[in-house]
Amino acid sequence: GEAISRLELECQRSHASLQSSEGARLGLEARLERMVGEAKHIDALSEQVRTLSQQAEELSSHKSRLEQQLADREARAVELTTAYVALTGERDALLASTRILDTEKDTWEGKIQRLTGELGSLQRALESSEAQLGSVTAQLESSEAQ
């Protein structure tokens, strides 16, 4: 009887040990499943990081292109401003020259009118002198005839 009791006790201990081992195995399997889930989550996050890194590189490249375009446009704006300033200076110089020419034109028109007036006076004086000459010539001819 004592040997059977010892065997039963040993069986109970083995059964308890087996149940404990089974519990530990189930716990390890659950832990392993969590770790696999976490590894998949880490893989998904890694893929997102790669995608975001690629997008960041593309955005950086696009930013560089936009900065270059901006620099080009700013340089063009400086060129256009310089050209505008030069053209404005030329326009102002031409306006000043035009004013000077207008003044000279007015001066010459005044001189021409004065000379035209003098020419008219000379023509009238010439006509008067010719008339006097004709009269004197007629008187002379008349005196000679007498």
Side-chain angles (χ1 to χ4, degrees), residues 7-146:
L7 279 176
E8 284 179 348
L9 187 59
E10 180 103 14
C11 273
Q12 286 175 353
R13 281 187 197 144
S14 291
H15 184 65
S17 177
L18 183 62
Q19 283 181 336
S20 175
S21 293
E22 182 65 18
R25 185 186 67 77
L26 290 175
L28 286 174
E29 282 181 1
R31 187 171 169 206
L32 181 60
E33 284 181 29
R34 279 194 309 274
M35 290 174 75
V36 167
E38 288 174 358
K40 287 181 182 177
H41 184 65
I42 288 171
D43 285 345
L45 289 175
S46 294
E47 183 58 33
Q48 286 180 347
V49 167
R50 280 191 292 277
T51 301
L52 289 174
S53 293
Q54 183 179 2
Q55 289 175 349
E57 287 177 21
E58 291 170 1
L59 286 174
S60 177
S61 174
H62 185 62
K63 178 186 171 200
S64 295
R65 285 192 303 275
L66 289 175
E67 287 172 342
Q68 183 59 49
Q69 288 176 357
L70 179 61
D72 292 346
R73 288 182 180 165
E74 286 174 345
R76 183 67 178 141
V78 168
E79 290 173 8
L80 290 174
T81 301
T82 302
Y84 173 77
V85 168
L87 288 173
T88 302
E90 288 179 26
R91 182 202 65 201
D92 292 346
L94 287 172
L95 288 174
S97 295
T98 301
R99 283 191 293 273
I100 291 169
L101 290 174
D102 284 345
T103 302
E104 288 181 13
K105 177 183 150 237
D106 292 345
T107 301
W108 280 107
E109 285 177 349
K111 287 180 181 180
I112 289 171
Q113 286 178 354
R114 186 175 48 79
L115 289 174
T116 301
E118 288 179 16
L119 181 61
S121 293
L122 289 174
Q123 278 182 321
R124 285 190 298 278
L126 178 61
E127 288 170 0
S128 173
S129 294
E130 285 176 346
Q132 285 178 358
L133 180 61
S135 173
V136 168
T137 303
Q139 285 177 1
L140 184 58
E141 289 173 355
S142 170
S143 292
E144 286 178 359
Q146 290 176 1

**OP:** Taking side chain to side chain donor-acceptor pair (under 3.5 Å) as the test, write out the residues that go with Arg99, two or more places apart.
**Re:** none

**OP:** Apply the test side-chain contact (heavy atoms from CB on, under 4.5 Å) to residues Thr137 and Leu133: give CA-CA distance (whole Å), side-chain angles for both, the deciding distance (0.1 Å), then the verdict.
**Re:** CA-CA 6 Å; Thr137 303; Leu133 180 61; 4.0 Å; yes

Original post:
Do Thr82 and Val78 have side chains that get closer than 4.5 Å, going by heavy atoms?
Top reply: yes

Original post:
Short question: side chain of Thr116, backbone of Ile112 - any donor-acceptor pair under 3.5 Å?
Top reply: yes

Original post:
Any side-chain heavy atom of Leu32 sitting closer than 4.5 Å to one from Leu28?
Top reply: no

Subject >> Atom pair OG1 (Thr107) and CG (Leu101), whose distance is rounded to the nearest 0.5 Å >> reply: 11.0 Å

Original post:
Can you tell me how far NE2 of His15 sits from CD of Glu8, rounded to the nearest 0.5 angstrom?
Top reply: 13.5 Å

**OP:** Using modelled atom types only, decide if a donor and an acceptor are shared between the side chain of Ser142 and the backbone of Ala138 within a distance under 3.5 Å.
**Re:** no

Subject >> Side-chain donor or acceptor of Ser14 paired with backbone N/O of Glu10 under 3.5 Å >> reply: yes

**OP:** Measure the spacing between CG of Leu70 and CZ of Arg73 and express it to the nearest 0.5 Å.
**Re:** 8.0 Å

Original post:
In Å, rounded to the nearest 0.5 Å, how long is the span from CG of Leu59 to CD of Gln55?
Top reply: 7.0 Å

Original post:
Side chains of Arg65 and Ser61: do they bring a donor and an acceptor to under 3.5 Å?
Top reply: yes

**OP:** Measure from NZ or CZ of Lys105 to the centre of the six-membered ring of Trp108, then state whether that distance is under 6.0 Å and the direction lies within 45° of the axis.
**Re:** no

**OP:** Identify whether the distance between the nearest side-chain nitrogen and carboxylate oxygen of Glu127 and Arg124 falls below 4.0 Å.
**Re:** no

**OP:** Please determine, by modelled atom types, if His62 and Glu58 share a side-chain donor-acceptor pair under 3.5 angstrom.
**Re:** no

Subject >> Gap separating the CD atom of Gln132 from the CD atom of Gln139, nearest 0.5 angstrom >> reply: 10.5 Å

**OP:** Under the side chain to side chain donor-acceptor pair (under 3.5 Å) rule, collect the residues that match up with Arg25, sequence neighbours excluded.
**Re:** Glu22, Glu29

**OP:** Please determine which of Gln69, Gln68, Arg76 meets the side-chain hydrogen bond (donor to acceptor under 3.5 Å, both in side chains) test together with Asp72.
**Re:** Gln68

Original post:
Does Ala16 offer a backbone N or O that forms a donor-acceptor pair with the side chain of Ser20 under 3.5 Å?
Top reply: no

**OP:** With rounding to the nearest 0.5 Å, note down the distance linking CG in Asp102 to CG in Asp106.
**Re:** 6.5 Å

Subject >> Which residues share a side chain to side chain donor-acceptor pair (under 3.5 Å) with Glu118, sequence neighbours left out >> reply: Arg114

